[in-house]
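Let me begin by presenting the structure, written as structure tokens, before commenting on it.
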2 protein chains.
Amino acid sequence: MAVLKALKSSVDKTFAILEYFTVDRAEWSVTELAKELDASKSTVYRFLSDMQKRGIMYQDPVSGKYGLGLKLFELGNRVRIKSAFTDKTHPVLMEVAKSITETVHIGVFKDEQVYYVDKVESPQGLRISTTIGSYSPAHATSLGKVLLAFSSYDENRFVQRLKRYTENTITDCGQLKEELKKIKKDGYAVDYEEFEIGLICVAVPILNQKNEIVASLSAAGPANRFKKEELPNYVKKLQKGALQIQKNIGDFKLNIT
Amino acid sequence: MAVLKALKSSVDKTFAILEYFTVDRAEWSVTELAKELDASKSTVYRFLSDMQKRGIMYQDPVSGKYGLGLKLFELGNRVRIKSAFTDKTHPVLMEVAKSITETVHIGVFKDEQVYYVDKVESPQGLRISTTIGSYSPAHATSLGKVLLAFSSYDENRFVQRLKRYTENTITDCGQLKEELKKIKKDGYAVDYEEFEIGLICVAVPILNQKNEIVASLSAAGPANRFKKEELPNYVKKLQKGALQIQKNIGDFKLNIT
DNA sequence: AAATTGCATTTCATATAATGAAACAAAATA
DNA sequence: TATTTTGTTTCATTATATGAAATGCAATTT
């Protein structure tokens with residue numbers, strides 16, 4: 001409430017409005033959004049229609065509701081991360097997804113969270129589906145635990161409360177530190193339904209040619225399809241992919257800011 | 001010159017500035033951009049730094065120059081076309097690129113031009129590299145000619161001048177109509193260096209399950225690698241991919257506006 | 001080492017655009 | 001037909017955007 005009025009610059013307001021258009025809520029009417037933002041219809045209308053004129057917004061000709069437009073897609077594709085990083089990782093991701101037959105992800109650190117930068121979905125019907133450009137908690141995912149384990153991090157990083165997502169989530173800082181130590185030793189992390197019941201993930205680090213960790217690579221699938229004796233096999237396939245990516249990316253270091 | 005002053009709304013100004021960040025010119029300093037826009041440094045600075053605070057812009061910590069930020073990548077990935085269409089086409093594109101070993105593209109019609117919505121680059125060193133979200137002329141590309149041939153179009157569509165790009169470009173309307181008729185009969189189009197010298201493309205239509213054309217699929221490679229006797233082979237592989245995509249997309253119809 | 005250039009950034013009085021209430025038009029609903 | 005609910009437009013008021021000049025910082029030149 002009173003979201004817009006709190007922001008002083010038009011630039012801020014513009015992008016605050018865009019943030020409301022998510023994957024889960026792709027369409028808003030002027031009235032709905034005005035109510036949500038506690039702003040006048042005129043104001044919201046002007047923002048949306050100005051953006052619509054530029055193709056940043058798309059207006060459904062039938063319902064009159066607004067959604068994100070093609071121009072934004074266009075701009076998003078110009079962002080460096082895409083051409084510099086994903087172009088190099090994606091082909092490998094395809095290979096790994098095919099050989100493991102589960103959804104594979106690449107995640108990096110951003111704001112203490114895991115940020116998904118690339119994915120290839122499992123060819124199987126029942127599969128995990130995440131949105132590129134979204135976030136997950138670091139301590140409750142295999143991607144995050146790998147990133148933590150292989151990064152040089154402040155020991156006091158975990159003074160912050162570790163949020164519980166399921167009964168398996170690690171919420172004790174000491175326990176997490178032990179887990180990370182083990183992960184660094186083993187070279188991989190597993191998430192046994194620690195973030196979501198029914199979801200199991202395995203992840204390995206992606207290093208650049210200077211052996212700095214730049215991202216992590218995971219395979220994720222439904223718990224009932226996971227066989228513990230297959231774990232070394234998954235890890236082997238992931239590591240093979242990670243090594244291939246390492247070859248592809250050179251000394252590339254992702255600047256996430 | 002005087003680009004910014006001509007625009008009355010901040011929303012317009014914001015996105016006008018973003019448009020200056022292209023693939024060819026990914027970075028601008030405050031001073032450079034202020035000069036280009038004929039605006040004051042303060043103004044440009046404020047736009048860029050406001051956007052930078054939100055992650056829309058990225059500022060290189062060394063040079064101080066600005067580029068497009070991750071948030072924009074994030075927003076771009078939320079655009080419907082991406083999740084609804086590309087997710088379904090990309091895996092097939094990978095397969096086709098691998099089997100043909102040339103860069104493959106998917107294009108749709110937008111504003112009488114070919115709009116690139118997805119691509120997978122050739123694994124070979126020498127390859128064609130296009131930007132997703134960019135445009136090419138319809139009459140001078142295989143993607144475009146397929147789209148024209150299989151769309152129900154106005155006969156008078158081509159009264160507009162057909163721009164010449166190379167010595168092979170079809171610039172005569174009657175000749176183009178003949179070509180389109182042939183393409184419809186054959187089920188594929190070829191571009192023999194009609195847009196760019198040294199570039200040869202082959203394209204086939206992608207139909208949805210109602211048999212409406214929704215996009216076209218092409219393979220593009222350097223002319224000196226192209227063997228005429230391999231053409232039926234390329235077409236066969238492309239058609240196999242197009243059929244797979246048809247299965248994936250159902251009765252999906254792309255709304256490009 | 002001092003001076004100079006070249007840059008991003010900040011300041012502040014003024015010009016200009018953003019704002020919301022209300023009116024409007026058009027469609028959906030009763 | 002009457003009523004409600006939309007998206008859109010208008011316009012006087014308010015608040016933000018603007019640019020010249022100043023600042024601070026670093027790299028380069030004297």
Side-chain angles (χ1 to χ4, degrees), chain A residues 1-21 25-69 71 80 255 257, chain B residues 1-21 25-69 71 80 255 257:
Chain A
M1 280 300 168
V3 183
L4 267 203
K5 283 173 222 163
L7 300 171
K8 291 180 182 175
S9 86
S10 295
V11 170
D12 261 356
K13 292 174 194 177
T14 303
F15 291 107
I17 286 173
L18 282 177
E19 287 290 348
Y20 277 81
F21 293 80
R25 185 82 154 87
E27 289 195 322
W28 289 85
S29 74
V30 172
T31 317
E32 286 166 352
L33 195 53
K35 199 171 288 171
E36 181 75 22
L37 293 164
D38 192 30
S40 74
K41 279 201 302 175
S42 345
T43 301
V44 173
Y45 167 74
R46 246 182 321 252
F47 273 105
L48 294 180
S49 78
D50 280 357
M51 288 195 268
Q52 187 260 315
K53 279 167 201 151
R54 283 201 162 262
I56 298 295
M57 283 285 160
Y58 165 77
Q59 185 176 29
D60 188 297
V62 184
S63 68
K65 292 196 177 188
Y66 289 87
L68 300 179
K71 197 80 197 184
R80 274 265 167 104
N255 295 357
T257 315
Chain B
M1 278 301 168
V3 183
L4 266 204
K5 283 174 220 162
L7 300 171
K8 290 180 183 177
S9 88
S10 294
V11 170
D12 261 357
K13 291 175 193 176
T14 303
F15 292 107
I17 286 174
L18 282 177
E19 287 289 350
Y20 277 81
F21 293 81
R25 185 81 155 85
E27 289 194 322
W28 289 86
S29 74
V30 172
T31 317
E32 288 166 350
L33 195 52
K35 197 172 289 170
E36 181 74 22
L37 293 164
D38 191 31
S40 76
K41 279 202 298 175
S42 348
T43 301
V44 173
Y45 168 73
R46 247 183 318 254
F47 272 104
L48 294 179
S49 79
D50 281 356
M51 289 195 267
Q52 186 260 316
K53 278 168 202 150
R54 286 201 159 260
I56 298 294
M57 283 284 160
Y58 165 77
Q59 184 176 31
D60 189 296
V62 183
S63 68
K65 292 195 178 190
Y66 290 86
L68 300 178
K71 197 79 196 186
R80 274 266 169 104
N255 293 359
T257 315

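A note on names: the letters A, B, ... follow the listed sequences, proteins ahead of strands, and every chain is numbered from 1.
- Taking atom CD1 of A:I17 as the reference point, atom P of C:dA18 lies 12 Å away to the nearest angstrom.
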Give every pair of a protein N or O atom and an N or O atom of nucleotides 24-29 of chain D that lie under 3.5 Å apart, one pair per line with the distance.
none

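- Taking atom CG on A:L48 and atom C1' on D:dT9, their separation rounds to 16 Å, with Å as the unit.
- One axis for each end of the helix from C:dA1-D:dT30 to C:dA30-D:dT1, each built from five base pairs, and the angle between them comes to 40° at 10° resolution.
- In this structure, A:F47 places its CZ atom 17 Å from C1' of D:dT8, rounding to the nearest Å.
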Any N/O pairs under 3.5 Å between the protein and nucleotides 27-30 of chain C? List them or say none.
none

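- Taking a cutoff of 4.0 Å between a charged side-chain nitrogen and a carboxylate oxygen, B:R25 and B:E36 do not qualify as a salt bridge.
- Between the CG atom of A:D12 and the C1' atom of C:dA17 there is a distance of 17 Å, rounded to whole Å.
- The interatomic distance linking B:E27 (CD) with C:dC7 (C1') rounds to 15 Å, in whole Å.
- Contact annotation: A:T43 reaches the phosphate of C:dG20 (side-chain N/O to OP1 or OP2, under 4.0 Å).
- Aromatic pair A:F21/A:F15: ring centres not closer than 6.0 Å.
- With sequence neighbours excluded, no residue forms a side chain to side chain donor-acceptor pair (under 3.5 Å) with A:S42.
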Review item, nucleotides 9-12 of chain C N/O atoms under 3.5 Å of protein N/O:
residue	atom	partner	partner atom	Å
C:dT9	OP1	B:Q59	NE2	3.4
C:dT9	OP2	B:Y66	OH	2.6
C:dT9	O5'	B:Y45	OH	3.3
C:dT10	OP2	B:Y45	OH	2.9

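- When the salt bridge (charged side-chain N to carboxylate O under 4.0 Å, His left out) test is applied to A:K71, the partners found at least two apart in sequence or on another chain are A:E74, B:E19.
- Contacts of B:Y45 classified as ring pair (Phe, Tyr, Trp, His ring centres under 6.0 Å), with partners at least two apart in sequence or in another chain: none.
- When rounded to the nearest whole Å, the span between CD of A:Q52 and C1' of D:dG7 equals 12 Å.
- Qualifying salt bridge (charged side-chain N to carboxylate O under 4.0 Å, His left out) partners for A:R46, counting only residues two or more places apart in sequence or in other chains: none.
- Qualifying side-chain contact (heavy atoms from CB on, under 4.5 Å) partners for A:A26, counting only residues two or more places apart in sequence or in other chains: B:R80.
- For A:K41, the side-chain contact (heavy atoms from CB on, under 4.5 Å) partners two or more places apart in sequence, or in a different chain, are A:V30, A:T31, A:A34.
- Residue A:W28 contributes atom CH2, which lies 14 Å from atom P of D:dT6 at whole-angstrom precision.
- Remark: A:Q59 pairs with A:Y66 by the side chain to side chain donor-acceptor pair (under 3.5 Å) rule, at least two apart or across chains.
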Identify the pairs formed between an N or O of the protein and an N or O of nucleotides 13-16 of chain D at a distance under 3.5 Å, and give each distance.
none

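- Counting to the nearest Å, the P atom of D:dT18 and the CG atom of B:D38 are 14 Å from each other.
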